[in-house]
Amino acid sequence: MTEIHANGCLKADAEALRRIVLARRSARKFISDPIPGGILEEVLAITQRSPTGYNLQGWIAIVVTDPEIKSKLRHAAFNQRQVEEAPAVVVFASDTQIARNFESTASQAIDQGHWSESYAKYLRRIVNAVFGREFFGAANFFRWVGTRTLSLFRPMPMVPFGDAGFAGYGWKQTGLAAQTFMLAASAHGLDTCPMEGFDERWVRKAVGLPRHFSVPLMIPVGLTSELTKLSPRFPPEKTFHSNRYGTAFSGINSLRV
Ligand SMILES: Cc1cc2nc3c(=O)[nH]c(=O)nc-3n(C[C@H](O)[C@H](O)[C@H](O)COP(=O)(O)O)c2cc1C
């Protein structure tokens with residue numbers, strides 16, 4: 001009999017996920033055949049289920065198939081060939097003016113019965129306090145200094161500070177979406193290569209992104225012409241700790257295929 005977990009997953013899904021994760025590896029050579037119809041759309045739809053802080057959904061993905069734009073992206077990526085060879089390159093970008101998304105998030109959540117009006121009001125206060133960049137950033141500066149000082153005495157929320165801080169906050173969210181994308185692609189037999197080796201300014205220009213977007217990753221996707229071996233990982237005891245830093249979490253064997 002098929003066993004079903006409380007969350008609706010089948011026991012067999014765990015085995016499938018293991019296969020999907022182990023099938024993913026960074027591909028550097030692609031065949032240029034287009035991705036069969038409907039698959040990329042399904043992968044993108046699944047990707048949108050990725051979680052974001054306060055559900056602000058501040059990441060976007062630009063799917064580039066236009067050869068001219070791909071060629072510009074390759075140039076921006078220091079001539080890495082996979083960018084032009086793959087039938088599509090997905091540019092993942094983070095909105096650094098994230099507080100602007102709050103009203104869309106809130107009205108959707110209220111309409112669909114996820115949030116009450118009063119919960120939305122409570123979160124609006126927090127989101128504006130944490131992410132607001134009004135008065136040319138001065139408010140952000142004073143909030144950051146204030147929260148860092150108070151955190152010497154009690155736990156305080158993390159307030160992103162300045163362009164780099166907001167980019168970092170966005171990259172955290174966007175990275176989760178990118179990983180969902182790669183695993184969904186892998187499940188459909190597609191190969192990917194996560195990439196940070198590019199000049200962000202040139203990528204932004206190639207795809208027409210406004211300055212308030214930051215680009216942590218782009219991911220060529222398609223079919224590889226070269227099945228590579230799994231890359232090595234550290235011994236698990238270096239990565240996993242038990243309760244406190246420095247005590248190895250024992251009993252894990254590295255996954256091998
Ligand atoms: C954030 C990030 C950026 C990366 N940037 C590049 C890149 O610019 N070019 C590239 O060929 N590989 C890039 N990689 C791929 C890594 O080299 C690869 O993930 C790593 O060697 C492990 O291999 P695997 O992905 O096959 O497991 C990147 C990976 C990550 C996670």
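For ligands, and for the atoms within them, numbers begin at 1 and follow the listed sequence.
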Fill in the blank from the handout: Those residues with a heavy-atom separation under 4.0 Å from ligand 1 are Arg24, Arg25, Ser26, Arg28, Gln80, Gln82, Cys193, Pro194, Met195, Glu196, Gly197, Leu217, Ser231, Arg233

Practice task
Compare all side-chain heavy atoms of Arg28 with those of Cys193 and state whether any distance is below 4.5 angstrom.
Solution key: yes

Practice task
Kindly assign one of parallel, tilted or perpendicular to the pair Phe141 and Phe161, based on the angle between their ring planes and the thresholds 30° and 60°.
Solution key: tilted

Cut-off 3.5 Å, no hydrogens considered: what does the side-chain donor-acceptor table look like for residues 51-63, sequence neighbours left out?
unit_1 : atom_1 : unit_2 : atom_2 : d
Thr52  : OG1    : Leu56  : N      : 3.3
Thr52  : OG1    : Gln57  : N      : 3.0
Asn55  : OD1    : Gln57  : NE2    : 3.3
Gln57  : NE2    : Asn55  : O      : 3.1

Completion exercise
By side-chain contact (heavy atoms from CB on, under 4.5 Å), Pro160 pairs with (sequence neighbours left out) Val130, Phe131, Met158, Phe166, Tyr169

Fill in the blank from the handout: Grouping ILVMFWY residues whenever side-chain heavy atoms fall under 4.5 Å, the cluster of Phe153 otherwise contains Leu152

Exercise for the section: Please say whether more than 12 non-hydrogen atoms of neighbouring residues, nucleotides or ligands are located less than 6.0 Å from NE2 in His75. Expected result: no

